Amino acid sequence: MYSADQTRSLQELSQSLLQRLSQKGVTLKDLASIRKALVFHEYRYYILNDPLLTDSEYDTLYKALEKLESENPDSVTADSPTQRVAKSLTKSFPTVRHLVPMLSLENSYNAEDLLDWDRKARELTGLKELEYCVEPKFDGASISLIYENDLLVRGATRGDGVEGDEITTNIRQIRSVPLSAAFSRYGIEQIEIRGEVLMNKENFKKYNQQLAEQQLAPLANPRNAASGSLRIKDPAEVSRRNLEVFLYHISYFTSTGKKSPKTHSDSLEMLWDLGFRSPKKEKKVFRGIHSVVDYCVAFESGRDALPYEIDGMVIKVNDFALQDVLGMTTHHPRWAIAFKFKARQATSRLLKVEFQVGRTGSITPVAKIEPVPIGGVSVASVSLFNEDVVRQKDLRIGDQVLVERAGDVIPYIVKPLSELRTGKEKKIVFPTHCPACGDELVKVPDEAVLRCVNINCPAQVVERIIHFVSKDAMDIRSFGAANVSKFYELGFLPDVPAIYQLPFDKIAKLEGFGEKSIQNLREAIETSKKQPLHRVIFGLGIRYVGETTAKTLAKAVSYLPDFARFSPEELLAMEDVGPKVAGSIQQFFENHDNIHMLEKLEALGINLRNTRSERSGSGNLDGQSFLFTGSLNELKRSEAEAMVEAQGGKILGGVSSKLNYLVVGEEAGSKLEKAKKIPSIKILTEKEFLRFMGQAAGN
Ligand code: IVH
């Protein structure tokens with residue numbers, strides 16, 4: 001899309017615009033340059049995943065454009081970067097007809113199927129050998145885009161293949177979809193492109209964590225997350241979901257020139273060249289079918305390492321003229337076939353449903369199924385989340401069920417195979433009383449869950465302690481859920497503060513507790529006393545207070561019990577704190593038992609105060625980013641990361657020009673190699689990092 005020369009000059013242009021913005025400002029004459037620079041940087045960020053500006057530099061340019069446009073409304077163009085944002089809610093998604101029906105693909109599952117398909121294609125074309133283009137089969141929601149005279153004019157869902165929903169406003173929220181593209185360079189006037197909208201695995205995990213913090217049922221897989229997101233009527237929410245797109249097929253175009261692509265592979269190159277995210281790097285062209293199979297198998301083994309989900313590969317006859325010869329059936333083209341990866345689904349039998357009590361008293365139905373291997377793991381227990389989910393799916397004890405486990409996502413029941421029912425299946429009866437303490441359960445209006453409201457319910461106490469010691473809270477290694485339950489049953493651990501008063505002499509007499517393991521446990525407990533305040537807050541398990549909110553709260557006080565004096569207005573003034581969260585925080589600090597628990601914890605030496613950097617949120621490493629690779633000797637990875645965060649620094653997920661420091665431990669691999677190629681990244685050993693942190697912390 002951009003040559004090295006163009007990249008250099010656009011970067012220089014951006015730097016000079018930024019410099020002028022910090023001094024005397026810019027004028028209407030700069031509008032086109034600012035737009036050009038922003039489109040370039042969006043491409044670097046969203047398509048190449050290799051930004052050349054920091055977020056704040058990008059924001060500065062963006063705000064300058066917004067300002068110029070608001071002062072000169074006539075200057076706004078439809079493809080201006082500011083025009084992605086929609087100001088109002090979408091009323092409806094009108095039905096639209098695709099220019100060409102969106103057909104599905106025939107499936108194949110093994111080499112034999114592929115050889116068979118290749119033989120038929122060779123017979124129909126009369127050729128000895130065919131050229132194939134092979135690329136991933138993205139597992140998301142399919143869409144079609146129409147560009148006319150270089151402008152994006154329509155985006156639609158697949159629908160029934162003939163007609164879909166018009167979702168242009170939502171499509172514009174996806175930053176990797178160009179609002180304009182220079183198809184005219186290829187003599188193309190109108191073009192319809194197909195692709196797949198995805199939510200990557202990391203964003204999916206984060207999204208589900210947010211749902212869990214609000215006690216909502218998580219989404220089953222990134223595919224459902226993507227397709228659900230496309231139907232949201234609030235475009236701003238669509239934007240927040242950080243959707244991505246891959247465009248992989250040109251279904252129709254009108255052209256005036258001869259420059260338009262003649263093969264599928266060239267069409268992917270063209271799309272890439274015009275600024276689209278196409279599978280240009282992932283695709284490969286082969287002569288004959290045999291190496292195609294090897295490529296598919298190799299891709300399958302690397303499937304889990306990809307940042308997004310794929311469920312197979314797609315093999316396409318490369319030459320458009322031959323595609324025309326092969327044509328299509330009513331369901332699928334004869335020139336393409338999907339090679340499906342091993343299913344991450346299996347069938348099993350629903351044996352019984354148990355009801356687990358969570359730390360906030362919520363009752364979760366858990367299906368016990370006949371153990372079945374899925375993706376290399378034996379699955380025997382599957383959460384059913386709440387009564388609504390059970391009713392919607394019409395699950396019954398004894399049902400044959402379809403179970404799915406996508407990557408590292410928790411397994412779930414897709415549906416019962418109701419056609420296999422014998423009539424002996426039984427309804428799932430929900431309890432009226434708590435299975436742990438026997439108290440009557442409550443159904444709170446507007447909530448899907450049943451709840452045990454006895455805060456002394458033993459199951460809740462155990463779950464609260466498990467949460468307090470967990471990795472993301474106080475991170476007391478070598479404690480673990482099993483030890484919590486055991487110590488609770490033995491009366492050693494009646495509540496959270498008792499963690500710090502464990503009778504180690506008695507524990508030493510228990511089976512399985514050697515000197516070494518007791519020593520480890522003691523040390524881990526001792527170390528946890530110094531954990532930063534946000535971990536203590538998260539560990540308390542206040543309803544609706546997840547890790548992010550805990551960090552916000554930690555910044556707002558210097559001493560945790562001070563929250564008891566906060567007014568609802570003060571709570572609501574904090575970032576990310578809405579009425580539900582504020583109400584829950586207030587309730588927690590109004591409860592004397594909780595205040596008493598905090599007093600006990602403090603008396604036992606647990607830190608309830610804030611460090612300077614946590615409070616101000618602007619430590620000495622503000623704006624600096626770090627990444628750790630290889631194994632560290634003196635620090636745990638999590639400790640090193642926490643040190644950076646405590647000083648206001650950020651931890652990045654990968655090496656890019658956005659990264660400031662790469663800290664290398666032993667046996668560092670590809671990240672180090674990549675970082676060496678980017679001169680702006682400083683590479684530190686663990687020792688250098690520690691010295692550096694000493695300086696950063698002002699020691
Ligand atoms: S080509 C006319 N290529 O898989 C053929 N489809 O199960 C057009 N899909 O409906 C489709 N990745 O939504 C094609 N690289 C890829 C794909 C892909 C995912 C989806 C697409 C299609 C479905 C068929």
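Computation of the quantities below employed the complete heavy-atom set of this structure, encompassing side-chain atoms and omitting hydrogens, waters and symmetry-equivalent molecules. Keep in mind the model is a prediction, meaning the values are calculated, not measured.
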Tell me, please, which residues at least two apart from Asp74 pass salt bridge (charged side-chain N to carboxylate O under 4.0 Å, His left out). none

Please enumerate all residues that pass salt bridge (charged side-chain N to carboxylate O under 4.0 Å, His left out) together with Lys280, with sequence neighbours excluded. Glu269

Qualifying residues under side chain to side chain donor-acceptor pair (under 3.5 Å), relative to Ser656, sequence neighbours excluded: none

Results of side chain to side chain contact (heavy atoms under 4.5 Å, CB included) for Ser239 - residues two or more places apart only: Gln173, Arg175

Could you walk me through whether Glu12 and Arg8 satisfy the salt bridge (charged side-chain N to carboxylate O under 4.0 Å, His left out) test, starting with their C-alpha distance in whole Å, then the side-chain angles of each, then the deciding distance to 0.1 Å, before giving a yes or no? CA-CA 6 Å; Glu12 273 166 23; Arg8 220 169 297 122; over 6 Å; no

Separation between CZ of Phe341 and CD1 of Ile310, rounded to the nearest 0.5 Å: 4.0 Å

Tyr308 and Phe138 aromatic ring geometry - parallel, tilted or perpendicular at 30°/60° bounds: tilted

Hey, could you give me the OG/CE distance between Ser227 and Met199, rounded to the nearest 0.5 Å? 10.0 Å

Given the ring of Tyr186, does Lys259 sit roughly above its face, with NZ or CZ under 6.0 Å from the centre of the six-membered ring and within 45° of the axis? no

Spacing of CG belonging to Asp160 relative to CE belonging to Met102, to within rounding of 0.5 Å: 10.5 Å

Check ring-ring contact (aromatic ring centres under 6.0 Å, His included) between Phe276 and all other residues, then give those that pass, not counting sequence neighbours. Tyr147, Phe183

To the nearest 0.5 Å, what is the distance between CD1 (Ile143) and CD1 (Ile174)? 6.0 Å

Identify whether the distance between the nearest side-chain nitrogen and carboxylate oxygen of Arg241 and Glu237 falls below 4.0 Å. yes

Check this for me: does any side-chain nitrogen of one of Arg344 and Asp311 sit under 4.0 Å from a carboxylate oxygen of the other? no

Donor-acceptor contacts under 3.5 Å from residues 61-68 side chains, at least two apart:
residue : atom : partner : partner atom : Å
Lys67   : NZ   : Glu71   : OE2          : 3.4

Let's go through Lys658 and Asp55 carefully: what are the C-alpha distance in whole Å and the side-chain angles of both, what is the deciding distance for salt bridge (charged side-chain N to carboxylate O under 4.0 Å, His left out) to 0.1 Å, and is it a yes or a no? CA-CA 9 Å; Lys658 235 179 161 182; Asp55 290 358; 2.9 Å; yes

